[in-house]
Student: 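Quick one: the structure is below, and I'll ask about it shortly.
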Amino acid sequence: MKILLANKHFLGLSGGAERNISDLANAFAAKGHEVTIFSETKYGTAPAFPLDPHVTIAMPVDRPFVGDDPIGDAERDPEVRAWAKSNRSMRRKWGESIRYIWPDVIMTFMPHTSTPLLYELGNEFPFIVTNQNDPAIDYFSEKHSSDPVDQALRIKLLQRARAVHFLIPDFATKMPDYVQRRSVVIPNAVQDTSGVNLRRIGKRIVALGRLVPHKGFKILIESFVASQAYRDGWELHLFGEGPEKNDLLETVRRLMAQTQIFLRGHTSQPVQELARAEIFVIPSEYEGWGLTLTEAMSVGVPAIGFEDCTGVNWLIRNGENGLLVRRGTSDMASAIDRLAMSPDLREMLSRAARESVKRFSTATVYGMWEQLINRVHHGEGP
């Protein structure tokens, strides 16, 4: 079947959502589906992650619009009509371009994409709205828009979706009943890392992610410098790009830690970099899943995260397959020292971490997606 994966910002970005889109596109293409990734070019024209050569990249183009704006019960509200008018450019450009492709199933990945597309196309095509984050962030905060009409439509228009996907069971329970009835839980897949060479480099701590404030890299830098591990010569390697890079470099300079803290930029081989680490830290305020965390666990790197971070505290069981700590510099520093000073603890957590992510194998997860795609294509719900 023809599957279209739509996200307003995909090209040129290397975050978790972009990685998931690429992995899903490759999995669908391997099953013989005709797969198109639909995105704008604000951040570039090339994908950051490898794609199957059978996956098509498409971009919205101006096409003649045929017909009037859709009128339904929701659209009779003058505030909704005003919102629709303000979003007319994207709706029409994307809507007509997608109608030209005419997919069998449309998958959207973020509210800034799903809301206008559900408004424009939700009565014409079967939609799967995939959620890569905690609904508290994507639906009940101002992260994507401070417009109260847009915030309301993010949830209301989910009524037009055939299925609403969440990564973690608890996420679905935060939504209204009509969304829960359409909900399906499918975790992210963890690629097979059994063939990865585990070349541990002594006294190396690694963190990966987009360099933005909510990823918490500043508190990680400060915690590391406050630790005994820092004084004992351990190193911290941060991989990623983003708008906070200069601020983080300034923090490293202010703490005079340039010889032990390294901002390494984007890596095309995240798993290989993780396999060189003794410790992995994910200091995020929130995560939809923690893709880098499961990758670290798959190669047996003991991980540390904050206990109040949804998407991390679901994957790490404190003291069993990693460490969870209260948010703060001193507690994070203590956890780093606890692992740095105990090779036996690192080895025990390493074995448990690898075992705990086996349930997210590609065969299991992509099998679940294949079943969902087929149900939606045949007019069934989740």
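Since the structure is predicted, the reported quantities are computational estimates derived from the model, not experimental observations. Just the heavy atoms: all of them, side chains too, but no hydrogens, waters or symmetry mates, feed the values below.
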Student: Does the side chain of I304 come within less than 4.5 Å of I282's, by heavy atoms?
Tutor: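 Contact flag for I282/I304 side chains = no.
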
Student: Salt-bridged, D331 to R327, with N to O below 4.0 Å?
Tutor: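 Judged by the 4.0 Å cut-off on N to carboxylate O distance, D331 and R327 do not form a salt bridge.
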
Student: Donor-acceptor pair, distance only, cut-off 3.5 Å: does the side chain of Q260 make one with the backbone of Y230?
Tutor: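 Present.
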
Student: Is any side-chain heavy atom of M297 closer than 4.5 Å to one of N321?
Tutor: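 Counting from C-beta outward, N321 and M297 do come under 4.5 Å.
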
Student: For a 4.5 angstrom cut-off between non-hydrogen side-chain atoms, does L24 reach F109?
Tutor: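 In short, these two side chains touch, coming nearer than 4.5 Å.
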
Student: Decide, yes or no, whether a salt bridge links E278 with R346 under the criterion of side-chain N to carboxylate O below 4.0 Å.
Tutor: yes

Student: Can any side-chain N or O of R91 pair as donor or acceptor with the backbone N or O of A84 at less than 3.5 Å?
Tutor: yes

Student: Any carboxylate oxygen within less than 4.0 angstrom of a Lys/Arg side-chain nitrogen, looking at E96 and K93?
Tutor: no

Student: Closest heavy-atom contact between P126 and D104?
Tutor: CG-O, 2.9 Å

Student: Can you confirm whether L263 sits close enough to L249 that some side-chain heavy atom of one is under 4.5 Å from a side-chain heavy atom of the other?
Tutor: yes

Student: Got V206 and F239 here, is their nearest side-chain heavy-atom distance under 4.5 Å?
Tutor: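 Sidechains of F239 and V206: in contact.
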
Student: Determine, for E241 against K245, whether the closest basic-nitrogen to carboxylate-oxygen distance falls under 4.0 angstrom.
Tutor: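 Looking at E241 and K245, the cut-off is met.
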
Student: Working to the nearest 0.5 Å, report the span between OG1 of T45 and CD of E40.
Tutor: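 Taking OG1 in T45 and CD in E40, the distance rounds to 13.5 Å.
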
Student: Check R351 with E347, please: is the shortest side-chain N to carboxylate O separation under 4.0 Å?
Tutor: yes

Student: Any non-hydrogen side-chain atom of E235 less than 4.5 Å from a side-chain atom of I201?
Tutor: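 No, every pair of side-chain atoms sits at 4.5 Å or beyond.
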
Student: Under the ring-ring contact (aromatic ring centres under 6.0 Å, His included) rule, what pairs show up with a residue in residues 247-295, not counting sequence neighbours?
Tutor: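 Of all non-adjacent pairs touching residues 247-295, those that pass ring-ring contact (aromatic ring centres under 6.0 Å, His included) are H214-Y286, H237-F262, W289-W314, W289-F360.
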
